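In what follows, a structure is listed as structure tokens, so that the remarks can point back to it.
This structure is a prediction, so every number in the text was calculated from the model and none was measured.
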Amino acid sequence: MRHPLRPATRIGRIMIALAVTTAVPSAIAAQPAVAQERTAPYLDPRRPVDERVDDLLGRMTLAEKAGQMAQAERAAVAGDPEMIGRVGLGSVLSGGGSTPAENTPEGWADMVDGFQARAVGTRLKIPLLYGVDSVHGHNNLVGATVFPHNIGLGATRDPALVRRAAEITAEETRATGPQWTFAPCVCVSRDLRWGRTYEAFGEDPRLVTSMTTAVEGYQGRRPSRDLDEREHVLATAKHFAGDGDTRFGSSTTGTYTIDQGVTVTDRKSFWRTNVVPYIRAIKKYDVGSVMPSFSSVDWTENGEGDPLKMHAHKELLTGALKGGIGFEGFVISDWEAIKQIPGDYPTQVRTAVNAGVDMFMEPYNAPQFVETLIAEVEAGRVATSRIDDAVGRILTAKFELGLFERPYTDRTNASRIGSREHRAVAREAVAKSQVLLKNDGRALPLDRRDDIYVAGVNADDIGNQAGGWTVTWQGQSGDIIPGTTILEGIEGHAGDVTYSADASAPTDGADVGVVVVGETPYAEGVGDVGNGHTLNLSAADRANVEKVCAAIETCVVLDVAGRPQIVTDLLPEMDAFVMSWLPGSEGGGVADVLFGRRPFTGKLPVSWPRTEAQEPINIGDRDYDPLFRYGHGLRTRGHHR
């Protein structure tokens, strides 16, 4: 058990952070109360967690319990800090791109501690749980180590490396304040047209299940004992279940085409394809929270046409997840997801609570949620026992995280954020994620003595190579994070490199052409095919490939994207073709395999279609005939020539 470090200088920074939004109330003065003589059993860390939970529940009013079930967005709380005490708020989150004004480790820690000071100043001194989408590193923080997205990690076939990446992410996240990440996504991606394809480890539930080692990386080997350490955070297995297996055209969310749509299946197939990864995340790694999917399920046993939203699905949330699988953590709703349940707001609240949702991500609506939930309980439409079950699960996580003893940020590891050691692991992950799909005439590895001509915008755009969920929700092109682009990685290996984004520079004298094609950032349904997106290469990318491959004897093409793109007709023009996925901040890892510093070992975690119309196509399908099969990946030896 580590003692909190709260020097006067830190308290001063917390006060300044709070003063930005409102005058500092008596919560700051109440800070020493955390260390007061512990007369109440729930404040005694020597007691078992279940005893502490029972004691605290017995002291709480209905209003205080309802408050623990509410989660508000950082921006809403910053605009009304008194909400924390007034509502008895249980949790705060940073949505994608929601950061403190000073997006630095210190700025994050000061913000979280400022909110926390108000929480521990309340009657029962229940600390806040702060959540953030650290989905490929602590990606909201500028300067954090940014790993490849999950689809690239799936290509590594290296569960131990995935565990290590999660460990680093947890360490960097907790050093800035948040104690909870909404990761990993253990969805099974069955249609590349889905805008969240890159958040999945792959299309095969066996592969996804093997990568649930990420949960252990976040939480530690023994969560009930390790979670209170400064290197760990509470993990979230998401999105339960079937979010990657929805039918194209079934979404009713805005202009989305497949995200948040309907999974049309029978129960046996659903369990085998979509639920299996959660079983291991829960039974082997004891994941602390589970987030339901925005999507619906339409069981085919009784015919199609009656889909039910996952947030309203008592059979799956209470019956299967908590009952059949034995999940003992808490269920956190997705962003305003209950508002997609039919009916008025009270109906939506009671339906989701009774289905098994424990905490509600109501980013800008937390006070109304609490008021509504109280009314539903008082009217007898939600049982007190259901409230006690939900709150007990939430409090258990807070006790196991050690928040009652050490509510404030332990900043000891802040100096390790984005460190050389952490970036070296990310670079290794990038190298192992590269999939060599074609290599005629031993075009790869490259010789560092060659004159190399590099074309394509994605060769030198770190925002594009990081993808969505990087600093902002959707991500963005440009120089948004520190790191190394693919071009810079190539320049670090070769002595003579010419770069031309549009291939307009002369190619005379070049021995090898490297054309980098791919996507620009997107996230969630915004990236759905048919919603302004396609699997086809852009006209500019096609033109670059055609020009460079026609002009230079050896032509290598890299695809920097969150999913396979259609290259069928261009493939004959390429000597070598590499899928680079979304490598994150360490583009040097791509160059490492191009030049043979590391061998190519990656394997496709998804099937590569011949045409967009061939989707969905997955291993095991009847008449399976993709351009590249699931698991395809050529190997090379290191240190060519």
Side-chain angles (χ1 to χ4, degrees), residues 71 91 93 129 131-136 149-151 153-154 159 162-163 165-167 169-170 173 179-189 196 199-202 204-221 223-224 226-227 232-245 263 270-295 297 310-311 313 316-335 337 356-359 361 393-394 396-397 400-401 469:
Q71 183 183 63
S91 179
L93 85 149
L129 184 56
V132 65
D133 286 283
S134 291
V135 297
H136 64 134
H149 273 290
N150 283 350
I151 195 166
L153 295 178
V162 169
R163 180 193 297 112
E167 288 173 349
T169 298
T173 299
Q179 320 94 1
W180 179 19
T181 179
F182 305 128
C185 185
V186 294
C187 50
V188 181
S189 180
R196 305 191 79 151
E199 294 188 51
F201 290 109
D204 187 344
R206 291 171 297 182
L207 171 61
V208 177
T209 299
S210 72
M211 296 302 179
T212 55
T213 50
V215 175
E216 185 175 81
Y218 291 125
Q219 296 190 161
R221 294 185 181 276
S224 62
D226 294 349
L227 271 173
H232 297 122
V233 294
L234 193 76
T236 307
K238 67 181 188 183
H239 304 87
F240 186 83
D243 51 336
D245 199 14
T263 305
F270 183 77
W271 195 272
R272 182 175 61 244
T273 301
N274 301 295
V275 176
V276 164
Y278 293 90
I279 298 174
R280 191 176 192 205
I282 292 165
K283 289 187 174 294
K284 182 174 178 62
Y285 299 120
D286 196 20
V287 68
S289 66
V290 168
M291 182 182 290
S293 174
F294 276 111
S295 59
V297 174
M310 193 61 61
H311 282 76
H313 217 302
L316 289 173
L317 294 183
T318 297
L321 181 65
K322 294 180 176 179
I325 301 174
F327 175 58
E328 296 181 346
F330 67 93
V331 174
I332 169 69
S333 75
D334 210 332
W335 184 280
V357 178
D358 301 308
M359 182 183 284
M361 191 185 293
R393 291 167 179 265
I394 294 164
T396 296
E400 290 183 345
L401 283 160
W469 293 106

ask   = For the residue pair Asp358 and Gly329, what are the closest heavy atoms and their distance?
value = OD2-O, 4.2 Å
inquiry  = Checking Ile332 against Gln71 for the side chain to side chain contact (heavy atoms under 4.5 Å, CB included) test, could you report, in this order, the C-alpha distance in whole Å, the side-chain angles of both residues, the deciding distance, and whether it holds?
reply    = CA-CA 9 Å; Ile332 169 69; Gln71 183 183 63; 3.7 Å; yes
key: His136 side chain vs Trp469 backbone, donor-acceptor pair below 3.5 Å   = yes
inquiry  = Keeping Ser189 on the side-chain end and Gly244 on the backbone end, is there a donor-acceptor pair under 3.5 Å?
reply    = no
request  = Check whether any side-chain N or O of Glu400 sits under 3.5 Å from a backbone N or O of Leu227 as a donor-acceptor pair, and report yes or no.
outcome  = no
Minimum heavy-atom distance between Met310 and Phe270, given as atom pair plus value = CE-CZ, 4.2 Å
message = Side chains of Val135 and Phe182, heavy atoms from C-beta outward: is any pair under 4.5 Å?
response = no
ask   = If you round to the nearest 0.5 Å, how far is OH of Tyr218 from CZ of Arg163?
value = 13.0 Å
ask   = Is the side chain of His311 donor-acceptor paired with the backbone N or O of Ala337 at a distance under 3.5 Å, no angle test?
value = no
ask   = Hey, mind stepping through Arg196 and Asp243 against side chain to side chain contact (heavy atoms under 4.5 Å, CB included) and telling me if it holds?
value = CA-CA 9 Å; Arg196 305 191 79 151; Asp243 51 336; 5.6 Å; no
Backbone N/O of Thr209 and side chain of Arg280: donor-acceptor pair under 3.5 Å = yes
message = So, taking the atom named CG in Leu401 and the one named OG1 in Thr396, what distance separates them when rounded to the nearest 0.5 Å?
response = 11.0 Å
inquiry  = With no hydrogens and no angle check, just 3.5 Å: does a side-chain donor-acceptor pair link Thr173 and Thr181?
reply    = no
task = Please round to the nearest 0.5 Å and tell me the distance separating atom OH of Tyr278 and atom CD1 of Ile325.
result = 9.5 Å
inquiry  = With a 4.5 Å cut-off on side-chain heavy atoms, are Phe327 and Val287 touching?
reply    = yes
request  = Look at the side chain of Asn150 and the backbone N and O of Glu199, then say whether any donor-acceptor pair between them is shorter than 3.5 Å.
outcome  = yes
request  = Say whether, by atom type as modelled, one donor and one acceptor occur between the side chain of Asp334 and the main chain of Ser293 under 3.5 angstrom.
outcome  = no
note = For Ala281 and Val215, the nearest pair of non-hydrogen atoms, with its separation, is CB-CG2, 4.2 Å
key: Closest non-hydrogen atom pair between Trp271 and Ala320, with its separation   = CZ3-CB, 3.7 Å
message = When you compare the side chain of Cys185 with that of His239, does any pair of heavy atoms fall below 4.5 Å?
response = yes
query = Which atom names give the shortest non-hydrogen contact between Glu328 and Arg393, and what distance separates them?
reply = C-NH1, 3.4 Å
Donor-acceptor pair, side chain of Asp204 and main chain of Arg206, under 3.5 angstrom = yes
request  = Supply the atom-to-atom distance Phe240 CZ to Leu317 CG, rounded to the nearest 0.5 angstrom.
outcome  = 6.5 Å
ask   = Between Thr213 (side chain) and Pro159 (backbone), is there a donor-acceptor pair under 3.5 Å?
value = yes
query = Which atom pair, heavy atoms only, marks the closest approach of Gly154 to Leu207?
reply = O-CD1, 3.9 Å
query = Looking at Arg221 and Glu216, does any basic side-chain N land under 4.0 Å from a carboxylate oxygen?
reply = yes
Distance in Å, Lys284 NZ paired with Thr212 OG1, rounded so as to fall on 0.5 Å steps = 8.5 Å
query = Tell me, do Met361 and Leu93 make a side-chain contact under 4.5 Å, heavy atoms counted?
reply = yes
query = Any donor-acceptor pair under 3.5 Å linking the side chain of Gln219 with the backbone of Asp286?
reply = yes
message = Pair Gln179, Leu129 - check side chain to side chain contact (heavy atoms under 4.5 Å, CB included), show working.
response = CA-CA 7 Å; Gln179 320 94 1; Leu129 184 56; 3.6 Å; yes
